[in-house]
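Everything numeric here is computed off the predicted structure, so don't read it as measured data.
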Amino acid sequence: MVTIDKIRIKIKTAIRNSGITQTEIAQKLGVKQQTIGCYLADKAMPALDTLANLCALLDLDANDILCIHEYAENKKTVTVSNSFNNNSGKIDFKA
């Protein structure tokens, strides 16, 4: 399951591993350095547009930051058969 804590960890790791200072990141994103510090201290999360710009700046895959790959791996497919009006077929539901 995707959780905000997992996303926070991905954001913090990406910032720390970027080799770019908090001040440089802040300047390029148009936010205060303290804002980046808050991301690292689990006191704030970036707005969606800031997250998108952070991903672009640090050359990150937003799907990875948002744990989408993990979610996709845990999805299950359920097959349901129907026989309404003498029609039969299968419907796949993603759960």
Side-chain angles (χ1 to χ4, degrees):
M1 171 179 256
V2 177
T3 65
I4 196 76
D5 290 329
K6 289 180 182 179
I7 295 170
R8 277 192 174 115
I9 290 167
K10 296 266 190 174
I11 291 170
K12 291 190 312 189
T13 301
I15 291 171
R16 288 187 177 134
N17 292 340
S18 71
I20 304 173
T21 67
Q22 291 181 39
T23 302
E24 290 173 308
I25 293 171
Q27 288 172 344
K28 292 180 181 186
L29 294 179
V31 299
K32 295 180 180 181
Q33 181 277 323
Q34 291 86 349
T35 302
I36 305 301
C38 286
Y39 301 159
L40 294 172
D42 293 335
K43 294 181 180 179
M45 287 287 293
L48 287 177
D49 58 336
T50 304
L51 178 61
N53 289 320
L54 180 65
C55 288
L57 173 66
L58 301 182
D59 194 26
L60 303 171
D61 180 353
N63 289 325
D64 182 51
I65 295 295
L66 296 174
C67 306
I68 300 300
H69 303 298
E70 177 183 323
Y71 176 76
E73 290 171 3
N74 292 326
K75 287 194 305 187
K76 297 177 183 177
T77 301
V78 177
T79 301
V80 178
S81 296
N82 72 40
S83 57
F84 300 109
N85 297 326
N86 294 325
N87 293 328
S88 61
K90 293 184 177 180
I91 303 170
D92 289 333
F93 292 95
K94 302 290 182 188

Q) Of all heavy-atom pairs between Met1 and Lys6, which one has the smallest distance, and what is that distance? A) O-NZ, 2.9 Å
Q. Same hydrophobic cluster for Ile15 and Leu48, using side-chain heavy-atom links shorter than 4.5 Å among ILVMFWY?
A. no
Q) Should Thr21 and Gln33 be marked as a side chain to side chain contact (heavy atoms under 4.5 Å, CB included) after you check the CA-CA gap, both sets of side-chain angles, and the distance that decides it? A) CA-CA 9 Å; Thr21 67; Gln33 181 277 323; over 6 Å; no
Q: Following the transitive rule for hydrophobic clusters with a side-chain heavy-atom cut-off under 4.5 Å over Ile, Leu, Val, Met, Phe, Trp and Tyr, establish whether Ile65 and Val2 coincide in one cluster.
A: yes
Q: Check Asp64 against Lys10 and note the closest heavy-atom contact, atom names and distance.
A: OD1-NZ, 3.0 Å
Q. Given Leu60, which of Asn63, Leu57, Leu58 fulfils the side chain to side chain contact (heavy atoms under 4.5 Å, CB included) condition?
A. Leu58
Q: Count the heavy atoms belonging to other residues, nucleotides or ligands that lie under 6.0 Å from CG of Asp49, then report whether that count exceeds 12.
A: yes
Q) When hydrophobic residues are tied together by side-chain contacts of less than 4.5 Å, even through go-betweens, does Ile9 share a cluster with Leu54? A) no
Q: Compare all side-chain heavy atoms of Lys32 with those of Thr35 and state whether any distance is below 4.5 angstrom.
A: yes
(Q) Going by side chain to side chain contact (heavy atoms under 4.5 Å, CB included), name the residues that satisfy it together with Leu66, two or more places apart in sequence or in a different chain. (A) Ile7, Leu51, Ile68
Q. Between Arg8 and Ile11, does a side chain to side chain contact (heavy atoms under 4.5 Å, CB included) hold up when you go through it step by step?
A. CA-CA 5 Å; Arg8 277 192 174 115; Ile11 291 170; 5.8 Å; no
Q) In Å and rounded to the nearest 0.5 Å, what is the CD1 to CD distance from Ile36 to Gln27? A) 10.5 Å
Q | Ile25 vs Tyr39, side chain to side chain contact (heavy atoms under 4.5 Å, CB included): CA-CA, chis, key distance, verdict | A | CA-CA 12 Å; Ile25 293 171; Tyr39 301 159; over 6 Å; no
Q: Would you give the length of the straight line joining atom CG of Asp5 to atom CG of Asp42, rounded to the nearest 0.5 angstrom?
A: 7.5 Å
Q. Shortest non-hydrogen contact from Leu40 to Lys12?
A. O-CD, 3.1 Å
